[in-house]
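See below for the structure under consideration.
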Amino acid sequence: MLGPDGAIEARAVTEADQCPSLNLDGKTHDMAVRAGPAIEPKRPTASPADLSKPSRFPVLTCEARIPAKVRSATVGRHRLALPKVNANRIVVIGDTGCRLKAADDAWQACNDPAAYPFARIAARAAAWKPDLVIHVGDYLYRENPCPAGQSGCAGSPWGYGWDAWDADFFTPARKLLEAAPWVMVRGNHENCVRAGQGWWRFLDPRALEPGRDCNDPANDVTGDYSQPYAVPLGKGAQVVVMDLSHAGEEPIAPSDPRFEQYKQTSVALKYFTEQARFTFAADHYPIFGVAAERKHDAIKLYPGNQALQSVFSALDPHILPKGVDTLLSGHIHVWEQVDFAGRQPSQFVAGFSGTQEDIVPLPKQLPPGVTPAPDASVRQFSSIVDKFGYMTLERIGKLSWKAKVNAIDGSVLKVCYISGRASRCSAH
């Protein structure tokens, strides 16, 4: 995985009692223990107490930093895909876990590759031979036990321990994990009241420090937030990764600890954009996305994320710095593109890579007066609903990219062109 300033981080998860060796250009190096095996005591979660349990991690998580000039890296028999100087081919996926949630009576058929196709999507995306993978968050959805009579998810692990992480992410993602380095964005399913313990053990690229592991609810304010960081993509481009996983949807009051945290993010984002010619900003909640819900036989649209806009607009009336060119997000279980006529960056949503899809149709054009950015004119709105897939980005110029929306079988559903903050999409 790639972390702050493009630092290359090797991770290994093993059932052995010691970390494997890391071979770099023919020389053997030790990996350090990031987190040892443990059964973490039951803590308050997003589910009722009777649908929660202790998180069991009968595995050792190991880590090591790989110097930038290394040409070959292996852990045991596993060759690690190292980053290229210029990341010209990027896969974007999001919301990949299998949804088992009692509160919504949602029981996705995790045992059916057609109903839960993440492994197929990962294999297809890997075959494209990307230089980089960006996951825009929500890795683990198996929160509650599959009830009797639901054969599609019968026998599935659940909760937030290793067995659920392995079933929802590591096993189905295997081919894509082998294919390229990853940039990991944290989703709301990885905040502390959900799968935050595993997020910190396995996927966050920063050091695991006491009080940031989501084990003690008293430390959730600290464990739920990290400062943003930039990953260079070469040729003056970068992706800035923002940890906004506990934002929610409602406006945030200035007295809320999140308000000050997200102000820090806004300031840092502006700084990073001043260091590059082109910036993808990646976070889980789509700041300028549009969600839909059916209520009483009518479709209600929810434009823009009010939580993040309430904080970011306190520092910039345009909400985001002018140096942000494209937003990459998930959370809404569709694919979506929003292009603005003004200063706002294009928004892409790629929350369609495995979890139970949103099926409420979105309009071909947003109704008059409906815009996900206040006082901003939407130039194009494009979406794909109730279809699983993944998005690719291919560099075609200094400030321009070609995006393709791909179905499970690799067929192209839409083609988009990104030029600076502008984007245009058409059916293939």
Side-chain angles (χ1 to χ4, degrees), residues 1 3 9-15 19 31-47 51-63 93-101 110 118-119 122 133 135-145 156-174 176-177 182-217 219-220 222-226 241 243-246 284 330-331 353-355:
M1 67 176 66
E9 180 82 5
R11 291 280 166 85
V13 182
T14 178
E15 294 178 341
C19 289
M31 298 189 77
V33 174
R34 179 176 176 87
I39 301 175
E40 301 298 349
K42 184 175 174 179
R43 56 152 292 157
T45 72
S47 299
L51 294 175
S52 303
K53 62 180 180 179
S55 295
R56 296 175 179 269
F57 297 101
V59 291
L60 189 65
T61 305
C62 307
E63 62 185 357
I93 57 174
D95 297 81
T96 52
C98 186
R99 192 174 186 84
L100 302 180
K101 186 176 180 182
C110 308
F118 178 39
V133 177
H135 192 305
V136 290
D138 279 7
Y139 307 76
L140 195 155
Y141 276 84
R142 303 184 195 219
E143 301 182 83
N144 303 135
S156 172
W158 65 278
Y160 304 116
W162 164 249
D163 55 354
W165 269 99
D166 189 29
D168 242 10
F169 179 65
F170 288 101
T171 290
R174 181 177 61 85
L176 194 51
L177 287 167
W182 284 50
V183 167
M184 307 285 193
V185 179
R186 188 179 186 182
N188 63 299
H189 275 253
E190 289 76 54
N191 62 27
C192 283
V193 297
R194 283 173 149 166
Q197 293 167 314
W199 165 261
W200 280 106
R201 281 176 166 265
F202 303 132
L203 299 186
D204 195 286
R206 289 156 286 220
L208 178 53
E209 301 171 352
R212 290 177 63 78
D213 50 20
C214 292
N215 291 333
D216 185 349
N219 297 324
D220 282 0
T222 300
D224 268 334
Y225 175 75
S226 300
V241 182
D243 180 358
L244 308 173
S245 62
H246 65 323
H284 182 63
H331 191 62
S353 302
T355 201

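Along the sequence shown, residues carry numbers from 1.
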Pairing of Glu40 and Arg201 as salt bridge, 4.0 angstrom limit: yes

[X] versus [Y], closest heavy-atom pair with distance:
{"X": "Leu208", "Y": "Ala35", "answer": "CD2-CB, 4.1 Å"}
{"X": "Ala164", "Y": "Pro157", "answer": "N-CB, 4.0 Å"}
{"X": "Pro172", "Y": "Ala167", "answer": "CD-O, 3.3 Å"}
{"X": "Arg186", "Y": "Cys192", "answer": "NH2-N, 4.1 Å"}
{"X": "Ala173", "Y": "Ala122", "answer": "CA-CB, 4.1 Å"}
{"X": "Ser52", "Y": "Thr45", "answer": "OG-OG1, 2.6 Å"}

Okay, side chain of [X], backbone of [Y]: is any donor-acceptor separation there less than 3.5 Å?
{"X": "Asp168", "Y": "Cys98", "result": "yes"}
{"X": "Arg212", "Y": "Tyr225", "result": "yes"}
{"X": "Arg34", "Y": "Trp200", "result": "yes"}
{"X": "Asp224", "Y": "Asn191", "result": "no"}
{"X": "Asp95", "Y": "Asp138", "result": "no"}
{"X": "Thr355", "Y": "Gly97", "result": "yes"}

Measuring from atom [atom1] of [X] to atom [atom2] of [Y], what distance do you get when rounded to the nearest 0.5 angstrom?
{"X": "Met31", "Y": "Leu60", "atom1": "CE", "atom2": "CG", "answer": "9.5 Å"}
{"X": "Met184", "Y": "Phe169", "atom1": "CE", "atom2": "CZ", "answer": "4.0 Å"}
{"X": "Glu190", "Y": "Leu203", "atom1": "CD", "atom2": "CG", "answer": "7.5 Å"}

When you look at Arg43 and Asp220, which way does the side chain to side chain contact (heavy atoms under 4.5 Å, CB included) test go after all the steps? CA-CA 11 Å; Arg43 56 152 292 157; Asp220 282 0; 2.7 Å; yes

With [X], which residues qualify under side chain to side chain donor-acceptor pair (under 3.5 Å), at least two apart?
{"X": "Asn188", "result": "His284, His331"}
{"X": "Ser55", "result": "Gln197"}
{"X": "Asp204", "result": "Trp199, Arg206"}
{"X": "Asn144", "result": "Ser47"}

Just to verify, what does Trp165 make a ring-ring contact (aromatic ring centres under 6.0 Å, His included) with, not counting sequence neighbours? Phe202

How would you list, by chain and number, every residue that makes a ring-ring contact (aromatic ring centres under 6.0 Å, His included) with Trp158, sequence neighbours excluded? none

Side-chain contact test, heavy atoms from C-beta onward, threshold under 4.5 Å: evaluate it for [X] versus [Y] and give yes or no.
{"X": "Tyr160", "Y": "Glu143", "answer": "yes"}
{"X": "Leu100", "Y": "Ser156", "answer": "yes"}
{"X": "Val33", "Y": "Cys19", "answer": "yes"}

Are Trp182 and Tyr139 an aromatic pair, judged by ring center distance below 6.0 Å?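 No, the ring of Tyr139 stays outside the 6.0 Å limit from the ring of Trp182, centre to centre.
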
Does a donor on one side chain and an acceptor on the other come within less than 3.5 Å for Asp166 and Thr171? yes

How about Arg56: does its CZ atom have over 12 heavy atoms from other parts shown lying under 6.0 Å from it?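 It does not: Arg56 CZ has 12 such atoms or fewer within range.
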
Between Phe118 and His135, what is the ring plane arrangement, given parallel below 30°, perpendicular above 60°, and tilted in between?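 Ring orientation, 0 to 90° scale: perpendicular.
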
Determine, step by step, whether His189 and Leu140 satisfy the side chain to side chain contact (heavy atoms under 4.5 Å, CB included) criterion, reporting the C-alpha distance in whole Å, the side-chain angles of both residues, the deciding distance to 0.1 Å, and the verdict. CA-CA 6 Å; His189 275 253; Leu140 195 155; 5.6 Å; no

